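Start at 1 and go down the list; that is how both ligands and their atoms are numbered. Note that the coordinates shown come from a computational prediction; the quantities given were computed from them, not determined experimentally.
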Amino acid sequence: CGSSSCYGPSHPAAHVRHVKRMQPGAPNATSSPKAELEWGQINFLHTTDTHGWLEGHLKEQNYGADFGDFQSFVKDMRQKAEKLDVDLLVVDTGDLHDGNGLSDTTSPNGVLSNSVFEQIDYDLLTIGNHELYLSDIAYLTATQFAKFYGDKYLTSNVQIFNNATQQYEYPGKQYRYFKTKRGLRVMAFGFLYDFTGNSNASVVTKAADSIKQPWFSAAVNYTEPIDLFVLMGHNAIRGSSSGQTISTIQKAIRAMQPNIPIQVFGGHTHIRDFTVYDTGSTGIESGRYCETLGWVAMDGIKSKTYKGTKHPKGVPLPTHPAVKVNTTNPTPPPPAFANLTYARRYLDWNRLTFAYHAEGSQSKSFDIKKGIATTKDITSIRQKENITALYGCAPQTWCLNCAPFGSPNSIYTVLSQALAATVINQTRATVPRLIILNTGSVRFDLIKGPFTVDDSFIVNPFSDAFQFLPDVPYANAKQVLGILNHGSFQKREEIESRDLETSDFNFTPLTGRSVEPCLDASASAHSDGLRRRELQGSMTRGRHAMIQRDTTLTPGYTTKDDFGTDGDDTVHSTIPFYYQPNDFQANASFPTDGSTPSTVDLIFLDFIAPNVLAALNTTGATYSASQVSYYLPQTFDTHAYLPAYAQLAWQQNVPNCPV
Ligand SMILES: Nc1ccn([C@@H]2O[C@H](COP(=O)(O)O)[C@@H](O)[C@H]2O)c(=O)n1
Ligand SMILES: [Zn+2]
Ligand SMILES: [Zn+2]
């Protein structure tokens, strides 16, 4: 196809129904949580990296709740906190779009989905890098989202250009000092990692520079007493890359305030994780894409003004000191932290989980009216934006991480075919070409069955376009992919941030997620709990299987963190997870007789153009940015090639498509 005019839903009349709702307690819906949550004097619900998935996972019932359900749950949990006479804060750490049709079909992204997100009465929020790649989104964030949440939106090191004043200004506050309902005195910050991919609409101050600024030490040594620091960051909570930012800030606070607990909320690397920094300081990261809701309970915080209950009655209490599991002879805490105890839990994002934990707080049913209204809003945005329209019917599931790179079930295998078939400049159609994309541009599994507008954004949300260098000597061009994947020019933060002490690259990670259809291309009902159980046997493998094999377990996250292996609220069987390279490549129009071409068109995404040029020039070539031009109109971008392919390859399956 090769131009934006020829993509668009092939069957505008054919739509997929909104949500097959799971009722709490419905048989075979998903597995129940393992036990009640622990509650302390202060408790936190944490979301991060929602990336527009506010409709929940329509094809994975385990993550099937939507933001209306979450809204009901938050209300229920606030009521429960009232009954227990303790505090509850609800926190989000950014990346609100780029990942789902609900957020990404509008211009700018998020203009409708933000209003759904805003139904949650968050207490504290911070900004993600996806709020800053494009100027129009940065402006939307500054002029609407930041204003909506007011003092609760913290952007400690991010400024956005204000057209009215012609100045870079903080869209949120740099810090917030407040008293919780029960009187805990909190000082909160919200930092973004040392991000450099932002447009010129924003400025990000590096952590190392921020901590030297007078406002920061003034806030840490505030004029009023502080009982607890809440340090939010759109950063990994550990590791050498974005995790470095948070540890720089945490250490700076600790150096000035040795006796005040610091609780960190991280994000960005899309994993479940919990870490211990010192005897009064821990951090949680709560996954991605509305798959995970993080829970932290803290007890034993010293405070002269806290008026609530210290050890709430009738619920389990936090029991972990801030010490890594299996630590022999831990350093004794200073007296200020002697009574501090913690609990953390990663909740699967479904209505069964929400109803289970809200138990006892609901007057009649789990749902509240406003939550039901939010669910209706989501449905009407989906209809209005036409995101349920079909492009075709995917004949199997291809996944991001559950299959080895290059294998038949790997998503990069089918995407390479799609790129070869659709990224064609008709004037150069017969010229052999290599097409290089960053694997980071691909965000989620491609699931067997109806392939809708929504699914096309779920797999490829970005508007990165195809540039090229014409007639590059093949001897040079063929080396580029290997050089990029070697890692000198591009780094994958998600890999760096993981604890790779066992160097189990290319095998099972410390935490995985449910991707069951990948394991059986014939599985037609993605949301069928029975099917999950049937498939389970083939999924429990790997050195890091943390849980007892049990035929009743459903596959999903099996997390190992600094507190051990008991963090997942629903116990799962382990699923395979394979790390993927930085970039992948398709080739097309190569000689059919097996001979090698002397030159090729080297095509790549504008997002990685500097990396590709740098890699190419290490092969002895001397190309400059001025020689790069667009291979196709910019409207035919990373988001466009898969819909174009679906229309070519998967339309004929539509009449028999399993819905
Ligand atoms: N235009 C873009 C923007 C981002 N990416 C990819 O997303 C990654 C960052 O996503 P997080 O959710 O982890 O913040 C970035 O590293 C790129 O791989 C892209 O491909 N195109
Ligand atoms: Zn993210
Ligand atoms: Zn991010």
Side-chain angles (χ1 to χ4, degrees), residues 46-53 92-100 103-104 108-110 125-138 141 158 190-199 202 204 232-237 239 241-243 245-246 265-273 285-292 400-401 411-412 415 436-444 457-467 484-485 487 489-498 513 579-584 604-612 634 637-642:
H46 177 215
T47 57
T48 192
D49 295 85
T50 49
H51 287 283
W53 283 79
D92 180 81
T93 45
D95 272 7
L96 303 189
H97 18 71
D98 297 338
N100 193 286
S103 52
D104 302 346
N109 286 184
L125 310 94
T126 194
I127 197 163
N129 50 310
H130 284 265
E131 278 74 80
L132 300 178
Y133 280 110
L134 301 176
S135 300
D136 55 354
I137 294 177
T141 305
V158 174
F191 280 90
L192 176 64
Y193 71 98
D194 296 349
F195 177 51
T196 53
N198 49 325
S199 77
S202 62
V204 181
M232 293 181 292
H234 189 79
N235 315 260
I237 55 170
S241 190
S242 78
T245 317
I246 218 78
F265 294 90
H268 182 57
T269 49
H270 296 186
I271 60 169
R272 293 181 174 187
D273 196 13
E285 187 176 339
S286 301
R288 61 163 193 185
Y289 303 160
C290 295
E291 291 173 348
T292 301
L400 239 59
N401 292 101
I411 195 162
Y412 303 106
L415 294 186
I436 299 179
L437 275 75
N438 55 315
T439 52
S441 68
V442 183
R443 304 290 280 188
F444 200 69
F457 281 96
I458 282 170
V459 176
N460 282 319
F462 299 117
S463 301
D464 300 332
F466 294 92
Q467 295 187 321
L484 289 173
N485 282 338
F489 300 106
Q490 251 180 315
K491 288 202 168 80
R492 291 287 300 271
E493 282 173 0
E494 54 271 43
I495 293 174
E496 282 186 31
S497 73
R498 284 172 196 273
R513 56 169 291 282
Y579 288 106
Q580 305 293 327
N582 290 332
D583 298 276
F584 70 109
F604 42 85
L605 296 178
D606 48 9
F607 186 71
I608 55 167
N611 310 94
V612 170
Q634 280 173 258
D637 54 21
T638 31
H639 173 63
Y641 72 87
L642 190 55

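Within the coordination shell of the Zn ion (ligand 3), defined by N, O or S atoms under 2.8 Å, H270 is absent. Taking 2.8 Å as the criterion, H51 counts as a coordinating residue of the Zn ion (ligand 2), since one of its N, O or S atoms falls below it. Using a cut-off of 2.8 Å, one finds that H268 contributes no N/O/S atom close to the Zn ion (ligand 2). Taking 2.8 Å as the criterion, Y193 does not count as a coordinating residue of the Zn ion (ligand 3), since none of its N, O or S atoms falls below it.
Taking the Zn ion (ligand 2) as reference, the nearest N/O/S atom within D95 carries the name OD2. Summary: OD2 is the N/O/S atom of D49 found nearest to the Zn ion (ligand 2).
Using the six-membered ring where Trp is involved, H130 and F462 have ring planes that are parallel, under 30° apart on the 30 and 60° scheme.
Across the listed options H268, H234, R443, R443 owns the non-hydrogen atom lying nearest to atom 7 (O) of ligand 1. Distances from atom 15 (C) of ligand 1 to the heavy atoms of Y133, F462, F195, Y193 put Y133 nearest.
Between G99 and P461, the closest heavy-atom pair is N-CB, 3.4 Å. Residues T638 and N460 share a closest heavy-atom pair of O-CB, 3.3 Å. Closest approach of T93 to M232, counting heavy atoms only: CG2-CB, 3.9 Å. Taking each heavy atom of T48 and G287 in turn, the nearest pair found is CG2-O, 3.3 Å. Summarising the geometry of R443 relative to H270, their closest heavy-atom pair is NH2-CE1, 3.5 Å, with the distance given to 0.1 Å.
Side-chain polar atoms of H97 and D104 form no donor-acceptor pair below 3.5 angstrom.
Near S441, with a cut-off below 4.0 Å to any heavy atom, the atoms of ligand 1 are 20 (O). Contact atoms of ligand 1 toward D95: 11 (P), 12 (O), 14 (O) (distance under 4.0 Å to a heavy atom of the residue). For ligand 1 and H51, the ligand atoms under 4.0 Å from any heavy atom of the residue are 12 (O).
Rounding to the nearest 10°, we obtain 80° for the angle at the Zn ion (ligand 3) between N129 OD1 and H234 NE2.
No donor-acceptor pair under 3.5 Å is formed between the side chain of T269 and the backbone N or O of A236.
Heavy atoms of R288 stay at 4.0 angstrom or farther from ligand 1.
With respect to H234, the side-chain contact (heavy atoms from CB on, under 4.5 Å) criterion is satisfied by exactly one of D49, V158, I127: D49.
Using a 4.0 Å cut-off between heavy atoms, N438 contacts ligand 1 through its side chain alone, with no backbone atom that close.
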